[in-house]
Amino acid sequence: MLSACLEFLGMGLCLLGSFLVMVACGLPMWKVTAFIDMNIVIAQTIWDGLWMSCVVQSTGQMQCKMHDSMLALSQDLQTARALTVISAVLGVAGLVLTIAGAQCTNCIKTESVKAKVVNAGGVVYIISGLLVLVPLCWMANNIIVDFYNPDVSSSKKREIGAAIYIGWAATALLLLGGTLLCCSCPQGAKSAYPNKYAPTKTISANGDFDKKHYV
């Protein structure tokens with residue numbers, strides 16, 4: 001019962017984490033305008049994402065433009081694109097594995113194999129969380145370095161956007177959920193009450209059962 005509860009909890013956390021990875025991947029708010037110095041009087045906000053850049057006016061109007069060329073992007077954006085997409089794909093693969101090996105399904109008959117499949121799904125989710133963590137930390141580090149760099153003009157300085165915080169939350173959910181899945185089905189688990197059999201009765205030399213087996 002405890003292993004089933006851990007399995008359902010881990011699967012739920014991983015599903016939510018994978019969904020948040022997809023949300024963070026699509027949101028344009030990875031870098032947002034930093035309102036410092038003269039920027040505080042500017043009536044527009046710039047959002048930079050993995051796939052597009054958006055300009056939000058003070059009136060509420062927003063205009064977005066897709067990035068024209070992938071090769072023209074900075075190295076951190078190219079890496080973030082690749083790793084977040086791979087992380088999302090691994091999230092789908094982990095879902096297939098965990099459903100196939102879940103205790104509530106009959107896709108696999110052997111209990112030991114089901115446990116191994118669920119453990120494999122947990123490992124896939126952990127790898128997915130680590131993959132999305134790399135571009136998040138890299139992007140956040142570049143934003144912070146540029147923010148405190150005096151050679152970067154105030155108009156080009158950015159702050160950490162909501163998409164990065166969502167990605168960090170997704171990473172935590174994936175790592176926690178994947179760990180629970182790995183711990184929910186211990187391999188080699190068998191019945192708590194092993195069967196015990198009485199010793200076989202031996203036959204004496206004259207063909208009768210040995211009398212020591214009788215009371």
Side-chain angles (χ1 to χ4, degrees), residues 11-96 124-125 127-178:
M11 189 182 300
L13 293 177
C14 289
L15 281 174
L16 181 58
S18 297
F19 174 74
L20 291 180
V21 168
M22 298 177 186
V23 171
C25 182
L27 285 178
M29 293 174 289
W30 283 65
K31 301 178 182 179
V32 298
T33 302
F35 292 100
I36 56 176
D37 298 336
M38 297 300 296
N39 284 352
I40 196 170
V41 299
I42 295 178
Q44 64 183 18
T45 303
I46 299 176
W47 296 344
D48 293 324
L50 302 182
W51 311 96
M52 66 183 71
S53 295
C54 298
V55 178
V56 183
Q57 306 292 338
S58 59
T59 58
Q61 295 179 344
M62 182 175 64
Q63 294 179 341
C64 295
K65 179 183 179 183
M66 300 292 294
H67 295 310
D68 296 329
S69 173
M70 185 183 71
L71 299 179
L73 298 176
S74 59
Q75 189 174 9
D76 57 349
L77 279 177
Q78 293 182 21
T79 304
R81 272 188 175 188
L83 292 183
T84 50
V85 170
I86 294 174
S87 176
V89 172
L90 287 179
V92 177
L95 176 62
V96 174
V124 170
Y125 275 123
I127 296 175
S128 174
L130 294 177
L131 286 179
V132 76
L133 181 62
V134 173
L136 292 170
C137 294
W138 189 0
M139 191 84 70
N141 178 73
N142 289 346
I143 293 172
I144 295 172
V145 170
D146 290 341
F147 186 86
Y148 291 106
N149 188 357
D151 296 332
V152 178
S153 61
S154 299
S155 60
K156 294 183 179 180
K157 290 184 177 182
R158 298 289 185 265
E159 290 184 351
I160 298 175
I164 294 182
Y165 292 108
I166 294 175
W168 279 333
T171 300
L173 293 174
L174 288 172
L175 295 179
L176 179 58

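For the numbers below, each heavy atom of this structure counts, side chains included, while hydrogens, waters and symmetry mates do not. Along the sequence shown, residues are numbered consecutively beginning with 1.
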#### Entry: Rounded distance (nearest 0.5 Å) linking atom NE2 of H67 with atom CG of L50
7.0 Å
### Query
How far apart are the C-alpha atoms of M29 and V56, what are their side-chain angles, what is the distance that settles it, and do they pass the side-chain contact (heavy atoms from CB on, under 4.5 Å) test?
CA-CA 11 Å; M29 293 174 289; V56 183; over 6 Å; no
### Message
For K157 versus F147, what's the shortest heavy-atom pair and its separation?
### Response
NZ-O, 3.0 Å
### Query
Can you name the closest pair of heavy atoms from C25 and T84 and give their distance?
SG-OG1, 3.7 Å
### Message
Using only atom types and a distance under 3.5 Å, with no angle test, would you say the side chain of R158 pairs donor to acceptor with the backbone of I143?
### Response
no
### Message
With a 3.5 Å distance limit and no angle check, can you tell me whether T33 reaches the backbone of I46 through a side-chain donor-acceptor pair?
### Response
yes
#### Entry: Flag, side chain of Y125 to backbone of L176, donor-acceptor distance under 3.5 Å
no
### Query
How long is the gap from CH2 on W51 to CZ on R81, to the nearest 0.5 Å?
4.5 Å
### Task
With rounding to the nearest 0.5 Å, note down the distance linking CG in D76 to CG in N142.
5.0 Å
### Task
Take W47 and V55, measure what side-chain contact (heavy atoms from CB on, under 4.5 Å) needs, and give me the verdict at the end.
CA-CA 6 Å; W47 296 344; V55 178; over 6 Å; no
#### Entry: Where G91 and S18 come nearest, the two heavy atoms and their spacing
CA-OG, 3.5 Å
### Task
For residues L20 and A170, report the shortest heavy-atom separation together with the two atoms involved.
CB-CB, 3.5 Å
### Query
Among V21, T171, I127, whose side-chain contact (heavy atoms from CB on, under 4.5 Å) with S87 holds?
V21
### Task
For A80 and P135, work out which heavy atoms get closest and say how close.
CA-CB, 3.4 Å
### Side chain W30, main chain A140, donor-acceptor under 3.5 Å
no
#### Entry: Rounded distance [0.5 Å steps], CG in L16 versus CG in L173
5.0 Å
### Gap separating the CG atom of D151 from the CG atom of D146, nearest 0.5 angstrom
10.5 Å
### Query
Below 4.5 Å, heavy atoms only, C-beta onward: do V134 and L130 meet side chain to side chain?
no
### Query
Could you give the distance from CG (L73) to OG1 (T79), rounded to the nearest 0.5 Å?
10.5 Å
### Message
Taking the side chain as everything from C-beta on, heavy atoms only, tell me whether L77 gets closer than 4.5 Å to M139.
### Response
yes
## Note on the structure
Residues C14 and G178: closest non-hydrogen pair is SG-N, 3.4 Å
